[in-house]
Amino acid sequence: MSETIKVLLSEEEVEKRIKALGEQISKDYEGKNVHLICVLKGGVFFMCELAKNITVPVSLDFMSVSSYGDGKSSSGVVKIVKDLDESLEGKDVIVVEDIIDSGRTLSYLLEILKKRGPKSMKLCTLLDKPERRVVEGVQVDYLGFQIPDEFVVGYGLDYAQKYRNLPYIGVVEGAE
């Protein structure tokens, strides 16, 4: 059976919300530098667009933490695939995620990063599925959209490495 994609959030809606997030971050970090940490691979589309909409000085780093296989749900096994290139010591850090689902991966990642001495650390996510949360204490500081518990793709999010390049957020229908 082949899957189809139904639009959940249009390209225009996503772009408008990212612009607003960039404006809020710029206001909150006025007079400071902000260090964005992208959680790969899904977060890269969102972080690039977000960074373009932030007016204060921005530096970037990338980390890959995985808890998904090719399936549609979290495996519960978390591993660091790629660590940061730079120290976080004394930096104002914003962790940029594509989606928060169970919270397992992010909770693990945030604990690791807190131990690295950032001056401050906040969390920005494009999408949040609070219905799926199994880990308490994941505090979202900058939220794009709260969405229902559906499997979504596009804007960096994938299904078995497909659909990342869609310019909107869509719901996968008919996938096994």
Side-chain angles (χ1 to χ4, degrees), residues 7-68 80-101 103-130 133 135 137-147 152-158 163-170:
V7 176
L8 178 65
L9 297 165
S10 72
E11 182 176 5
E12 294 77 20
E13 288 173 290
V14 174
E15 288 175 358
K16 182 179 178 185
R17 186 66 190 127
I18 293 173
K19 184 173 196 253
L21 287 170
E23 290 169 357
Q24 184 62 53
I25 291 168
S26 298
K27 182 179 168 202
D28 292 351
Y29 287 86
E30 191 172 339
K32 299 178 183 179
N33 296 343
V34 66
H35 187 67
L36 302 180
I37 296 176
C38 175
V39 182
L40 295 171
K41 295 176 185 172
V44 74
F45 287 76
F46 175 44
M47 187 171 84
C48 288
E49 290 303 311
L50 181 64
K52 290 193 295 187
N53 286 283
I54 296 174
T55 57
V56 299
V58 171
S59 57
L60 309 173
D61 206 345
F62 300 87
M63 188 171 208
S64 183
V65 182
S66 177
S67 69
Y68 285 85
I80 295 176
V81 179
K82 183 217 175 295
D83 208 341
L84 299 173
D85 294 330
E86 298 179 29
S87 167
L88 298 183
E89 192 75 36
K91 293 181 179 177
D92 290 307
V93 171
I94 299 177
V95 176
V96 180
E97 258 285 25
D98 54 356
I99 189 167
I100 303 173
D101 193 298
R104 282 187 191 107
T105 304
L106 202 52
S107 177
Y108 176 79
L109 175 61
L110 294 174
E111 285 305 310
I112 289 171
L113 296 178
K114 282 178 191 170
K115 294 175 184 172
R116 296 184 183 185
K119 182 178 177 184
S120 68
M121 190 166 65
K122 300 222 174 188
L123 173 61
C124 179
T125 187
L126 180 59
L127 305 172
D128 186 16
K129 286 191 209 175
R133 199 82 77 248
V135 175
V138 174
Q139 173 65 43
V140 178
D141 301 288
Y142 301 101
L143 173 62
F145 300 94
Q146 198 170 88
I147 62 168
V152 291
V153 295
Y155 226 88
L157 295 138
D158 74 298
Y163 308 117
R164 284 190 196 278
N165 61 322
L166 295 176
Y168 57 86
I169 304 296

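Throughout, numbering of the chain's residues begins at 1 and tracks the sequence.
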Engineer: Starting at OG of Ser120, measure out to CG of Asp28 and round the result to the nearest 0.5 Å.
Structural biologist: 10.5 Å
Engineer: side-chain contact (heavy atoms from CB on, under 4.5 Å) for Leu109 and Ile37? Distances and angles first, verdict last.
Structural biologist: CA-CA 11 Å; Leu109 175 61; Ile37 296 176; 5.9 Å; no
Engineer: Out of Leu106, Thr105, Leu110, Ile112, which one pairs with Tyr108 under the side chain to side chain contact (heavy atoms under 4.5 Å, CB included) rule?
Structural biologist: Ile112
Engineer: Quick one: do Ile100 and Arg133 satisfy side-chain contact (heavy atoms from CB on, under 4.5 Å)? Show the steps, please.
Structural biologist: CA-CA 8 Å; Ile100 303 173; Arg133 199 82 77 248; 3.2 Å; yes
Engineer: Mind listing the closest non-hydrogen atom pair of Phe62 and Met47 along with its distance?
Structural biologist: CE2-CE, 3.5 Å
Engineer: Of all the heavy-atom pairs spanning Cys38 and Gly43, show the shortest one and how long it is.
Structural biologist: SG-C, 3.4 Å
Engineer: Kindly determine whether Glu49 and Asn53 satisfy side chain to side chain donor-acceptor pair (under 3.5 Å), including the steps that lead there.
Structural biologist: CA-CA 7 Å; Glu49 290 303 311; Asn53 286 283; 4.9 Å; no
Engineer: Between Arg116 (side chain) and Glu89 (backbone), is there a donor-acceptor pair under 3.5 Å?
Structural biologist: no
Engineer: Using a strict cut-off of less than 4.0 Å between a Lys/Arg side-chain nitrogen and an Asp/Glu carboxylate oxygen, indicate whether Lys115 and Glu111 qualify as a salt bridge.
Structural biologist: no
Engineer: Do Asp128 and Glu97 come close enough that some side-chain heavy atom pair is under 4.5 Å?
Structural biologist: no
Engineer: Give me the atom names and distance for the closest heavy-atom approach of Asp98 to Gly42.
Structural biologist: OD2-CA, 3.1 Å
Engineer: Ser26 and Gly22: which non-hydrogen atoms are nearest, and at how many Å?
Structural biologist: OG-O, 2.7 Å
Engineer: Give, for atom CZ of Arg17 and atom CG of Leu50, the distance between the pair rounded to the nearest 0.5 Å.
Structural biologist: 10.5 Å
Engineer: Please check this pair: side chain of Ser64 against backbone of Val81, looking for a donor-acceptor N/O pair closer than 3.5 Å.
Structural biologist: no
Engineer: Report yes if some heavy atom in the side chain of Met121 is under 4.5 Å from a heavy atom in the side chain of Val95; otherwise report no.
Structural biologist: yes
Engineer: With a 4.5 Å limit on heavy-atom distance, are the side chains of Gln139 and Leu123 in contact?
Structural biologist: no
Engineer: Find out whether Leu9 and Val152 are in side-chain contact, i.e. whether some heavy atom of one side chain is under 4.5 Å from a heavy atom of the other.
Structural biologist: no
Engineer: I need the Leu60 CG to Glu86 CD distance, nearest 0.5 Å.
Structural biologist: 9.0 Å
Engineer: Test salt bridge (Lys or Arg N to Asp or Glu O under 4.0 Å) on Glu13 and Lys16 and set out the steps.
Structural biologist: CA-CA 5 Å; Glu13 288 173 290; Lys16 182 179 178 185; over 6 Å; no
Engineer: Rounded to the nearest 0.5 Å, what's the gap from CD1 on Ile147 to CG on Leu126? Could you check?
Structural biologist: 8.5 Å
Engineer: Check whether any side-chain heavy atom of Asp83 lies under 4.5 Å from a side-chain heavy atom of Met63, and answer yes or no.
Structural biologist: yes
Engineer: Take Tyr29 and Ile94, measure what side-chain contact (heavy atoms from CB on, under 4.5 Å) needs, and give me the verdict at the end.
Structural biologist: CA-CA 11 Å; Tyr29 287 86; Ile94 299 177; 3.6 Å; yes
Engineer: Do you know which two heavy atoms are closest between Phe46 and Thr125, and how far apart they sit?
Structural biologist: CE2-C, 3.7 Å
Engineer: Can you measure from CD1 (Ile169) to CG (Leu8) and round to the nearest 0.5 angstrom?
Structural biologist: 7.5 Å
Engineer: Between Val93 and Leu113, does the side-chain contact (heavy atoms from CB on, under 4.5 Å) criterion hold? Intermediate values first, please.
Structural biologist: CA-CA 9 Å; Val93 171; Leu113 296 178; 5.6 Å; no
Engineer: Keeping the roles fixed (side chain from Lys129, backbone from Ile99), state whether a donor-acceptor pair exists under 3.5 Å.
Structural biologist: no
Engineer: Please report the shortest heavy-atom distance between Asp92 and Lys32, naming the atom on each side.
Structural biologist: OD2-CD, 3.6 Å
Engineer: Enter the distance from Phe45:CZ to Arg164:CZ here, rounded to the nearest 0.5 Å.
Structural biologist: 7.5 Å
